[in-house]
Amino acid sequence: MPVPPRRRGKTIHELASRLRRLPPSLGPVRLVAVDGHAGSGKSTFAGELARALGGAPVLHLDDLASHDELFTWTGRLSAQVLEPLARGAVAHYSPYDWRERRFGPARALAPAPVVLVEGVGAGRRALRPRLARLLWMDLPRARSWARGRSRDGEEQREFWDGWVAAEHAHFADDPSQPFADLLVRQRDEGYEVVPGPAGTAGPDHTVTHRDDPSAMC
């Protein structure tokens with residue numbers, strides 16, 4: 001059943017309201033991860049959620065990864081972003097230019113009340129202790145990868161061949177979905193948000209208009 005447009009906004013704003021009320025998880029910051037397979041819609045959802053949060057900063061993990069380090073960016077994330085935010089300081093990180101194959105000028109990231117980090121691997125075990133919530137885009141990997149390939153076109157075919165193998169290896173070693181507090185499902189209009197494998201029923205988790213246990217299968 002399509003989500004009515006008014007409900008679409010309500011769901012996102014309900015989630016934003018609950019995230020604001022969480023206790024800080026990293027210094028003064030409530031760090032919220034949006035994870036999922038490549039092509040699952042993480043960036044789009046994070047953008048909508050950031051707007052509902054009044055312009056919350058969004059850290060895209062594509063800016064920290066590189067051709068040579070698709071998933072081995074934990075140290076860079078910790079040194080450039082997590083450690084400053086934990087002190088309540090402005091973080092500065094150097095985003096990677098995927099065309100030029102080099103890191104660019106530093107970009108600032110303020111310690112806002114809620115900071116979103118989105119990207120494949122955002123819910124990795126090294127980051128989970130710093131998270132206020134872990135959200136998982138609930139789209140199967142085959143459909144996600146097909147969407148991603150279609151989006152990026154033939155010129156990225158070789159990259160995608162390598163990416164699929166790398167992502168599969170990453171999640172085999174360090175899965176995120178079993179630890180997700182909330183699952184996010186894109187509908188014809190808007191999103192549905194339901195408790196995830198790590199979630200429990202309560203005011204910070206029940207944010208969907210259709211909380212059907214059978215939908216979790």
Side-chain angles (χ1 to χ4, degrees), residues 2-3 7-16 18-19 22 30-53 56-65 70-71 73 77 114-125 127-128 130-152 160 163-164 166-199 204-212 214-217:
V3 179
R7 181 69 219 186
R8 171 186 181 179
K10 187 175 180 181
T11 299
I12 290 286
H13 285 280
E14 284 177 347
L15 176 58
R18 283 162 171 78
L19 294 177
L22 293 173
R30 294 150 187 83
L31 190 65
V32 176
V34 179
D35 203 341
H37 299 291
S40 61
K42 297 178 299 301
S43 297
T44 300
F45 174 75
E48 291 204 26
L49 181 56
R51 286 189 288 275
L53 287 162
V58 181
L59 174 66
H60 303 284
L61 290 177
D62 284 352
D63 288 339
L64 295 180
L70 292 177
F71 289 100
W73 38 256
L77 172 66
V114 180
V115 173
L116 305 178
V117 53
E118 72 83 17
V120 180
R124 60 178 48 194
R125 66 173 66 94
L127 187 54
R128 284 196 295 271
R130 311 286 190 96
L131 298 177
R133 283 292 181 269
L134 168 55
L135 282 57
W136 175 266
M137 301 301 295
D138 196 31
L139 187 69
R141 67 186 183 189
R143 289 178 58 193
S144 297
W145 291 342
R147 282 176 45 169
R149 286 179 182 274
S150 176
R151 175 195 65 202
D152 293 344
W160 264 95
W163 173 268
V164 164
E167 183 183 309
H168 188 276
H170 168 73
F171 281 134
D173 176 65
D174 192 352
S176 298
Q177 194 271 349
F179 303 95
D181 299 295
L182 299 169
L183 302 180
V184 181
R185 296 166 181 162
Q186 189 170 5
R187 299 308 190 192
D188 291 338
E189 294 186 53
Y191 297 91
E192 180 184 32
V193 183
V194 301
D204 291 328
H205 294 85
T206 307
V207 296
T208 178
H209 66 290
R210 189 176 64 190
D211 202 359
D212 180 0
S214 66
M216 300 298 292
C217 300

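Positions are given from 1, in the same order as the sequence printed here.
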Side-chain ([X]) to main-chain ([Y]) donor-acceptor, under 3.5 angstrom:
X: Glu167; Y: Ala38; value: yes
X: Asp35; Y: Gly123; value: yes
X: Ser40; Y: His37; value: yes
X: Arg124; Y: Phe71; value: yes

So, for [X] and [Y], which heavy atoms are closest and what is the spacing to 0.1 Å?
X: Ala172; Y: Pro175; value: O-CD, 4.4 Å
X: Ala56; Y: Leu53; value: CB-CB, 3.8 Å
X: Ala180; Y: Trp136; value: CB-CB, 3.6 Å
X: Ala198; Y: Phe179; value: CB-O, 3.4 Å

Problem set entry | side-chain contact (heavy atoms from CB on, under 4.5 Å) evaluation trace for Asp138 with Val194 | CA-CA 10 Å; Asp138 196 31; Val194 301; over 6 Å; no
Exercise. Are side-chain N/O atoms of Thr11 and Glu192 paired as donor and acceptor at under 3.5 Å?
Worked result: no
Exercise. What's the verdict on side-chain contact (heavy atoms from CB on, under 4.5 Å) for Leu139 and Lys42, showing C-alpha distance, side-chain angles and the deciding distance?
Worked result: CA-CA 10 Å; Leu139 187 69; Lys42 297 178 299 301; over 6 Å; no
Problem set entry | Intermediate values then yes/no, side-chain contact (heavy atoms from CB on, under 4.5 Å), Arg30 and Leu19 | CA-CA 8 Å; Arg30 294 150 187 83; Leu19 294 177; over 6 Å; no
For this session: Check the pair Leu49 / Val114 against side-chain contact (heavy atoms from CB on, under 4.5 Å), numbers first and verdict last.
Result: CA-CA 11 Å; Leu49 181 56; Val114 180; over 6 Å; no
Seminar exercise, completed: Tested for side-chain contact (heavy atoms from CB on, under 4.5 Å) against Leu61, the lone hit among Val117, Val120, Leu127 is Val117
